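Input: a single structure, listed below in structure tokens.
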Amino acid sequence: MPTVLVTGGAGFIGSHLCERLLKEGNRVICVDNLITGKEENISHLSNNPDFKFIQHDVSKYVDIEEDLDFILHFASPASPIDYQLYPIQTLKVGSLGTHNTLGLAKAKGARFLLASTSEIYGDPLVSPQKEDYWGNVNCVGPRGVYDESKRFAEAITLAYHRTHKIDTKIVRIFNTHGPRMRKDDGRAVPNFINQALKGEPLTVFGDGSQTRSFCYVSDLIDGIYKLMLSNTNEPVNIGNPRELSILESAKLILSLTRSRSQIIYKDLPVDDPKVRRPDITKARKELSWQPKVSLEEGLKKTIEWFKNGGK
Ligand code: NAD
Ligand code: UDP
């Protein structure tokens with residue numbers, strides 16, 4: 001039975017990943033310091049003898065006795081509100097945390113997968129974004145703490161691959177939604193859904209013409225699982241290529257929730273990317289992966305989850 005260590009496993013994406021890995025017959029060790037995650041996200045796994053939770057900050061030395069076959073490094077604050085609230089912790093987990101977990105992979109002879117992000121493309125000057133685009137990042141802006149920590153994480157991951165011959169993978173995750181997102185994480189999807197359900201105005205930032213492409217979490221997890229088992233060492237985009245403006249997404253959520261809330265406009269945050277859409281040609285070719293859940297279908301599931309009190 002392979003043993004997989006998941007850092008950030010008590011978070012939104014990490015908890016779905018732990019669940020999937022257990023289903024696929026792996027032992028799972030989840031390491032999380034709960035800075036933005038919740039033990040509740042993994043409480044349904046706690047009776048499984050193949051699951052273990054360790055509360056620990058991976059920016060500090062990570063000591064694991066067991067043999068490990070894979071390390072999946074997902075620990076990091078991820079929503080713009082979270083990483084601006086914890087800028088230093090974000091920079092540390094992307095740099096020191098990635099260094100520590102790569103060192104662990106080297107010591108254990110384990111394969112390594114880094115959760116990177118579409119944010120490494122910054123405010124992109126080309127669209128859709130292909131993996132060979134270098135990006136347009138303001139390193140000293142408010143989003144720089146996240147973007148640069150992930151850019152460093154990618155660089156050190158490939159340095160360990162090239163220098164120490166570790167089998168490493170990098171997934172560049174585009175906006176993802178689904179159950180276990182926090183109501184208050186400040187991202188567009190949970191904000192709009194919860195505002196619509198409460199009959200409060202939906203807060204669209206700027207004029208809402210900036211675009212995003214939203215992927216449902218089960219599709220993302222499929223892509224990550226395929227990448228983990230693949231021979232690919234270069235970064236791969238995983239996301240849903242259907243692009244829409246933020247105003248359109250607010251209107252779609254109003255219609256799916258049958259809400260009569262108004263839309264109000266607020267200032268656009270500094271350095272907010274104007275466009276974002278993944279080019280998934282590489283994932284299609286190398287992983288035979290593409291999303292299966294339509295935007296409407298996925299949003300309905302996320303809405304249902306928040307309707308049930310986020311449980
Ligand atoms: P999340 O905040 O729900 O999960 C992150 C988890 O990491 C949390 O449980 C948190 O407590 C933990 N963590 C943070 N710092 C840690 C540390 N130093 N030591 C141990 N644990 C630590 O966020 P998420 O949306 O699930 O994101 C997970 C990963 O996916 C992140 O690396 C993020 O950058 C990446 N990602 C997410 C998205 C998205 O749309 N959700 C998009 C791009 C990339
Ligand atoms: N946004 C918005 N209203 C909100 C929250 C976010 O208009 O209440 C916008 C935000 O400015 C950005 C987009 O929605 O243009 C997506 O923001 P999110 O925080 O979900 O993630 P990002 O893609 O910016 O990391």
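We count ligands from 1, going down the list as the structure has it; atoms in each ligand are counted the same way. Throughout, numbering of the chain's residues begins at 1 and tracks the sequence. Every value quoted in this text rests on a predicted model; they were computed, and no experiment measured them.
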**OP:** For Tyr86 and ligand 1, answer yes if some heavy atom of the residue is under 4.0 Å from a ligand atom, otherwise no.
**Re:**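 Not so, Tyr86 does not reach ligand 1.
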
Subject >> Proximity flag Arg187 to ligand 1, non-hydrogen atoms under 4.0 Å >> reply: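 Arg187: in contact with ligand 1 (<4.0 Å).
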
Original post:
Any idea which of Leu72, Asn33, Ile42, Ile13 brings a heavy atom closest to atom 17 (C) of ligand 1?
Top reply: Asn33

Heteroatom proximity flag, [X] to ligand 2, N/O under 3.5 Å:
X: Phe205; answer: yes
X: Arg187; answer: no
X: Ala188; answer: yes

Consider every N or O of [X] and every N or O of ligand 1, then say whether any pair is closer than 3.5 Å.
X: Val31; answer: no
X: Asp32; answer: yes
X: Asp82; answer: no

Is there a heavy atom of [X] sitting under 4.0 angstrom from any atom of ligand 2?
X: Lys266; answer: no
X: Ser79; answer: no
X: Arg143; answer: yes

Original post:
For ligand 2, which atoms, with element, lie under 4.0 Å from some heavy atom of Val204?
Top reply: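 Checking each atom against Val204, I get 7 (O).
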
Original post:
Should you measure from each heavy atom of Asn175, which atoms of ligand 2 turn up under 4.0 Å away?
Top reply: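 Every atom of ligand 2 under 4.0 Å from some heavy atom of Asn175: 21 (O), 22 (P), 23 (O).
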
Original post:
Which one holds for Met181 and ligand 2: side chain close, backbone close, both close, or neither close, with close meaning a heavy atom under 4.0 Å?
Top reply: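 Neither part.
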
Original post:
Looking at Tyr225, is Arg20 sitting on its ring face, NZ or CZ under 6.0 Å from the six-membered ring centre and within 45 degrees of the normal?
Top reply: yes

**OP:** Could you label the plane-to-plane angle of the His99 and Tyr160 rings as parallel, tilted or perpendicular, counting under 30° as parallel and over 60° as perpendicular?
**Re:**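 Taking Tyr160 first and then His99, their aromatic rings stand perpendicular (interplane angle over 60°).
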
Original post:
Taking only heavy atoms of His56, which atoms of ligand 1 are found under 4.0 Å from at least one of them?
Top reply: 19 (N), 20 (C)

